[in-house]
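Structure first, then comments.
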2 protein chains.
Amino acid sequence: MSNLTSTSDDILRCARSLIIEGGYNGFSYADISKVVGIRKASIHHHFPSKVDLVRTLVVRYREDAETAIAELGRAYPQPADQLRAYTGYWAGCIADATRTFCVCALLATELPVLPSEVVAEVRAYFRMFSDWLTSLMEQGADEGTLTLAGTARSEAEGFIATVHGAMLSARAYGDPSVFTVVTQPLIERLVARRQ
Amino acid sequence: MSNLTSTSDDILRCARSLIIEGGYNGFSYADISKVVGIRKASIHHHFPSKVDLVRTLVVRYREDAETAIAELGRAYPQPADQLRAYTGYWAGCIADATRTFCVCALLATELPVLPSEVVAEVRAYFRMFSDWLTSLMEQGADEGTLTLAGTARSEAEGFIATVHGAMLSARAYGDPSVFTVVTQPLIERLVARRQ
DNA sequence: ATTAATCTACCTTCTAGTAGGATGACTGTC
DNA sequence: GACAGTCATCCTACTAGAAGGTAGATTAAT
């Protein structure tokens with residue numbers, strides 16, 4: 001019953017981890033075929049074209065992120081704790097090598113050569129993510145639990161950039177600890193009371 | 001005379017801009033062939049394999065960066081001014097669309113699927129870059145012109161991550177100004193005197 | 001006369017994608 | 001309960017074009 005759709009889920013999961021490793025042009029239907037144990041043509045039955053596959057993958061990725069963000073808000077009332085939980089989640093994923101990069105951050109680097117349908121979804125993810133962080137920054141500033149150096153939006157953009165850059169550096173050095181070295185001071189600085 | 005080697009330079013220049021757009025798997029010899037106005041086979045004469053081409057490209061990229069860094073040190077005695085000149089250079093490149101991403105930052109995202117020869121050179125670039133920034137941070141701290149929150153190395157890693165992340169965000173939003181929005185506070189924070 | 005640079009022509013492998021058939025589960029109908 | 005029809009899933013077999021790369025001839029510079 002519920003595992004009727006499990007094949008297309010398997011395909012999406014596999015494609016996601018392949019994209020995380022090498023981006024849109026770094027994997028093929030043949031690669032998925034080998035991992036999932038299904039023929040190439042069967043993948044085309046579930047996702048007629050590669051664009052379809054990656055587009056749905058990114059859409060779902062964003063939906064999952066939205067759900068996770070909503071849960072984060074319920075679990076942690078304080079913005080600082082939500083930021084800590086977010087970077088902590090990624091620190092764990094990078095350390096145990098389950099998910100060493102954000103799918104949308106990786107696709108964003110290839111944006112100029114990506115099909116327009118995928119570009120639109122990646123951009124939608126960044127907008128959503130930026131809006132969430134901006135509102136978190138605003139909330140923290142209003143409550144007096146976060147100290148912003150600039151506008152809520154610019155602090156949010158700085159946060160996004162630093163987190164994605166930290167993933168990049170961790171990958172470049174082949175050292176997961178770099179992610180924490182970079183992201184921990186980022187939150188401490190926001191939490192620090194202005195002297 | 002000097003333009004005897006200009007074809008291989010043209011190939012390297014072209015490959016560089018193609019990599020900046022879409023990474024290692026985002027371009028082919030046929031793409032270069034069209035732009036440079038030379039046949040595929042002629043490219044193979046200059047660079048027997050794609051790995052040769054990209055490896056030499058990255059080696060030269062690092063050498064050019066080392067030269068530029070040395071010049072920066074001569075032009076600006078103050079570490080803060082060197083950091084400003086560095087981010088200012090990139091802000092200009094991104095704004096006029098000449099070079100919208102660091103070649104090594106882009107290749108680093110694809111590291112797991114890159115040929116090992118290229119991986120080695122990309123890593124060498126990151127080490128060189130990190131060493132330079134660390135010594136800059138140390139110098140600034142010694143002179144009292146920079147205020148470090150952590151170690152010189154961790155500040156350097158934070159700087160690298162944020163700059164690369166700022167390139168990523170500028171590309172994701174399709175808005176060059178995001179780069180400056182993110183990198184300007186980064187330097188202001190280091191320059192600010194501790195209260 | 002030699003050598004570097006370029007060409008045409010080709011090869012092999014991979015790429016995304018298609019055509020059409022086999023299987024099997026779920027329907028409604030008698 | 002048997003029967004036919006429908007539909008989803010997966011298969012084999014195939015295509016056209018792009019990929020990286022090679023062989024060997026031609027051209028041009030020294």
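This structure is a prediction, so every number in the text was calculated from the model and none was measured. Below, read A as the first sequence line, B as the second, and so on, with proteins coming before strands; counting in each chain starts at 1.
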Tell me which donor-acceptor pairs under 3.5 Å the side chains of residues 162-182 of chain A have, and how far apart each pair is, sequence neighbours excluded?
| from | atom 1 | to | atom 2 | distance (Å) |
| --- | --- | --- | --- | --- |
| A/Thr162 | OG1 | A/Gly158 | O | 2.7 |
| A/Thr162 | OG1 | B/Thr162 | OG1 | 3.2 |
| A/Ser169 | OG | A/Gly165 | O | 3.3 |
| A/Arg171 | NH1 | A/Ile20 | O | 2.9 |
| A/Arg171 | NH1 | B/Thr109 | O | 2.6 |
| A/Arg171 | NH2 | A/Ile20 | O | 3.0 |
| A/Arg171 | NH2 | A/Thr100 | OG1 | 2.8 |
| A/Tyr173 | OH | B/Glu157 | OE1 | 3.0 |
| A/Tyr173 | OH | B/Glu157 | OE2 | 3.1 |
| A/Asp175 | OD1 | A/Ser177 | N | 3.0 |
| A/Asp175 | OD1 | A/Ser177 | OG | 2.8 |
| A/Asp175 | OD2 | A/Ser177 | OG | 3.1 |

* **Contact under 4.0 Å: A/Thr7 side-chain N or O vs D/dC10 OP1/OP2** => yes
* Asked: Closer than 4.0 Å, any side-chain N/O of A/Ser42 to the OP1 or OP2 of D/dT9?
  -> no
* Looking at every strand, decide which applies to B/Phe47 at a 4.0 Å heavy-atom threshold: base, sugar-phosphate, or nothing. => nothing
* To do: Scan A/Ser28 against the nucleic acid and name what it touches under 4.0 Å (heavy atoms): base, sugar-phosphate only, or nothing.
  => sugar-phosphate
Over how many whole Å does the gap from [X] atom [atom1] to [N] atom [atom2] extend?
X	N	atom1	atom2	answer
B/Asn25	C/dT13	CG	P	20 Å
A/His46	C/dA16	NE2	P	17 Å
B/Ile32	D/dA19	CD1	C1'	13 Å
A/Ile11	C/dG17	CD1	C1'	15 Å
B/His45	D/dA28	NE2	P	16 Å
B/Tyr29	D/dG21	OH	P	6 Å
A/Arg39	C/dG21	CZ	C1'	15 Å
B/Leu18	D/dA19	CG	P	11 Å

* Asked: Just wondering, more than 12 heavy atoms not from A/Arg39 lying within 6.0 Å of its CZ?
  -> no
* Aromatic ring pairing B/Tyr86/B/Trp132, orientation class (parallel under 30°, perpendicular over 60°, tilted between) -> perpendicular
* To do: Give me the ring orientation class for B/Tyr61 and B/Tyr125: parallel if the planes are under 30° apart, tilted from 30 to 60°, perpendicular past 60°.
  => tilted
* **Check: C/dA16 base within 3.5 Å donor-acceptor of A/Lys40 side chain** => yes
* With sequence neighbours excluded, tell me which residues meet ring pair (Phe, Tyr, Trp, His ring centres under 6.0 Å) with B/Phe47. => none
* Which comes earlier along DNA chain C counting from the 5' end, the contact point of A/Ala41 or that of B/Ile38, where each point is its nearest nucleotide? -> B/Ile38
* Nearest to the side chain of B/His44, which nucleotide is it out of D/dC11, C/dG17, D/dG21? -> D/dG21
